[in-house]
Protein chains: 2
Amino acid sequence: MPGTVNIPGEILAALEEALKAAGLRLTHQRLEIYRELVAACDHPSAETLHQRLRKRIPTLSLDTVYRTLATLAEQGLINRVETLESQARFEATSRRHHHLICRKCGKIADFQWPDIDSAALPQEISEWGRIDLKNVVIHGICRNCLEGEEK
Amino acid sequence: MPGTVNIPGEILAALEEALKAAGLRLTHQRLEIYRELVAACDHPSAETLHQRLRKRIPTLSLDTVYRTLATLAEQGLINRVETLESQARFEATSRRHHHLICRKCGKIADFQWPDIDSAALPQEISEWGRIDLKNVVIHGICRNCLEGEEK
DNA sequence: CTTGATGCAAATAGTTTGCAGGCTC
DNA sequence: GAGCCTGCAAACTATTTGCATCAAG
């Protein structure tokens, strides 16, 4: 099917179900934005996503991308990724993972770290409140940028 | 000394030294902004910091706060904190710690987790590039906000 | 059909920048 | 005194919002 990103059917089903449960409509735009984000592995910004989608859907507006990302995030279907940049970046929700961020080129990579996922938190934290999510963010310089430095 | 935040002398010495080493001037504004941030324990935004400082220094402009924060961050004296908010937040650089973020009120708390600081990273990461910093961010709801929910 | 979703354009929020005068070294 | 720093105002970037129209259910 040219002009459309191919992703597993059960993921689309999850979108449909989540939207329906929330009383929201499954529109062409929402479907394609979600598809694109599921297929992307580089944690794109709204702007980047918009540029990619425009090739397929020339009439898609940037503000719809923003609105849709907000909606999908509310439903827990996607996540906003914390970075030090001014642009927000997004990823489709998937299995537990953490982030490697290159402080030179800004690329974000995922990695698994089961030891941490199962590690017990320090005692003091239980007093703070309810914990929902534990995320590790590693900053450094990726191999590609290191080569460019050539000090 | 009323009208000024009191912080340890050696910390101010570090500021002076770092600025001098970088060929930068120690101005009244830089000194007070740094002082305020060292004394703050709530990871304030530029805006918040500006409001606090204005009580003591009515002529201080917001853009100087922004410029100074950028300068101090370049020198490694302070850090930008990663959040999901649109406003950037800052903290004075201190001993290794991690963050607890309340997704309801946005408050950020620090905590220590030595086990993680010394834990070995998964193998795969060494291939990615050079690691500089390993940060844990925990999202949840703080005790205070939990009480407010009263479900 | 009915109402929520979209596209357009204009408004905001947060942050950055150019310039002229002021203050540190 | 020389040049970096500051304050002011204006520019910018990322994101949000109002409104008329469109399309999903």
Side-chain angles (χ1 to χ4, degrees), chain A residues 12 15-37 43-54 56-75 77-90 106, chain B residues 12 15-34 36-37 43-51 53-54 56-75 77-90 106:
Chain A
L12 290 187
L15 169 70
E16 203 168 341
E17 196 184 325
L19 288 179
K20 185 172 293 178
L24 299 171
R25 290 176 184 171
L26 176 59
T27 63
H28 180 220
Q29 290 86 334
R30 284 176 177 168
L31 178 62
E32 291 303 326
I33 290 169
Y34 184 61
R35 263 188 174 136
E36 188 73 36
L37 194 53
H43 314 75
S45 64
E47 184 80 47
T48 302
L49 219 37
H50 180 237
Q51 281 166 15
R52 290 180 193 165
L53 285 158
R54 259 207 157 166
R56 289 193 267 133
I57 313 164
T59 57
L60 179 68
S61 71
L62 177 58
D63 49 87
T64 293
V65 175
Y66 273 111
R67 268 189 276 229
T68 300
L69 290 172
T71 303
L72 297 181
E74 269 169 35
Q75 303 308 318
L77 291 158
I78 68 172
N79 298 119
R80 204 175 280 256
V81 179
E82 307 180 288
T83 69
L84 292 174
E85 295 171 2
S86 55
Q87 285 196 152
R89 295 178 63 168
F90 299 84
Chain B
L12 289 188
L15 169 69
E16 204 168 341
E17 197 184 323
L19 289 179
K20 187 174 291 178
L24 299 170
R25 291 177 182 169
L26 177 59
T27 62
H28 180 219
Q29 290 86 336
R30 284 176 178 168
L31 179 62
E32 292 302 326
I33 290 169
Y34 185 61
E36 189 73 35
L37 195 53
H43 314 76
S45 65
E47 185 79 46
T48 303
L49 219 38
H50 180 236
Q51 282 167 16
L53 285 158
R54 260 208 155 165
R56 289 194 267 133
I57 314 165
T59 58
L60 179 69
S61 72
L62 176 59
D63 48 89
T64 293
V65 175
Y66 273 111
R67 266 190 278 230
T68 300
L69 290 172
T71 303
L72 297 181
E74 269 168 35
Q75 303 308 318
L77 292 158
I78 68 172
N79 297 118
R80 203 175 279 258
V81 179
E82 306 180 289
T83 69
L84 292 175
E85 297 172 359
S86 54
Q87 285 195 154
R89 295 178 63 167
F90 299 84

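Reminder, nothing fancy here: chain letters follow the sequence lines and each chain counts from 1. Keep in mind that what you see is a predicted model, and the values were worked out from it rather than measured.
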Problem - A:S45 and A:T48: side chain donor to acceptor below 3.5 Å - result: yes
Practice task
Begin from the C-alpha positions of A:E32 and A:I57 and carry the test side chain to side chain contact (heavy atoms under 4.5 Å, CB included) through to its verdict.
Solution key: CA-CA 9 Å; A:E32 291 303 326; A:I57 313 164; 3.5 Å; yes
How many whole angstroms separate atom [atom1] of [X] from atom [atom2] of [N]?
X: B:H50; N: D:dG7; atom1: NE2; atom2: P; result: 8 Å
X: A:E74; N: C:dG4; atom1: CD; atom2: P; result: 15 Å
X: A:L49; N: D:dT15; atom1: CG; atom2: C1'; result: 15 Å
X: A:L31; N: D:dA24; atom1: CG; atom2: P; result: 11 Å
X: A:E85; N: C:dT16; atom1: CD; atom2: C1'; result: 17 Å
X: A:L69; N: D:dA14; atom1: CG; atom2: P; result: 15 Å
X: B:D63; N: C:dT16; atom1: CG; atom2: P; result: 11 Å
X: B:L53; N: D:dG7; atom1: CG; atom2: C1'; result: 15 Å

List for me each residue that meets side chain to side chain contact (heavy atoms under 4.5 Å, CB included) alongside [X], sequence neighbours excluded, and say none if there are none.
X: B:Q29; result: B:T27, B:L60, B:T64
X: A:A22; result: A:L24, A:Q75
X: A:R80; result: A:A88, A:F90, B:L84

Handout entry: Steps toward side chain to side chain contact (heavy atoms under 4.5 Å, CB included) verdict (B:L19, B:R25)
Key = CA-CA 6 Å; B:L19 289 179; B:R25 291 177 182 169; over 6 Å; no
Problem - Heavy-atom donor-acceptor pair, B:R89 side chain to B:V81 backbone, under 3.5 Å - result: no
Exercise for the section: May I ask you to decide if A:T59's main-chain N or O and A:R54's side chain share a donor-acceptor pair within less than 3.5 Å? Expected result: no
Exercise for the section: Before giving the answer on side chain to side chain contact (heavy atoms under 4.5 Å, CB included), spell out for B:L15 and B:L72 the whole-Å C-alpha distance, their side-chain angles and the decisive distance to 0.1 Å. Expected result: CA-CA 9 Å; B:L15 169 69; B:L72 297 181; 3.7 Å; yes
Enumerate all atom pairs, one protein N or O and one N or O from nucleotides 11-15 of chain C, separated by less than 3.5 Å.
| residue | atom | partner | partner atom | Å |
| --- | --- | --- | --- | --- |
| C:dG14 | OP1 | B:Q87 | OE1 | 3.2 |
| C:dT15 | OP1 | B:A88 | N | 2.7 |
| C:dT15 | OP2 | B:Y66 | OH | 2.2 |
| C:dT15 | O5' | B:Y66 | OH | 3.1 |

Practice task
Answer yes or no: does a side-chain N or O of A:T64 lie under 4.0 Å from OP1 or OP2 of C:dT6?
Solution key: no
Problem - Dot-bracket pairing map - DNA chain C, Watson-Crick plus G-U, both contacts under 3.5 Å, | cross-strand - result: |||||||||||||||||||||||||
Practice task
Drop me the distance from A:R30's CZ to A:L69's CG, to the nearest 0.5 angstrom.
Solution key: 11.5 Å
Practice task
Please determine if B:K20 and B:E17 form a salt bridge, counting it only when a charged side-chain N lies under 4.0 Å from a carboxylate O.
Solution key: no
Exercise for the section: Heavy atoms under 4.0 Å is the rule here; annotate nucleotides 19-25 of chain C 5' to 3' with B where the base is hit, S where only the sugar-phosphate is, and - elsewhere. Expected result: -----BS
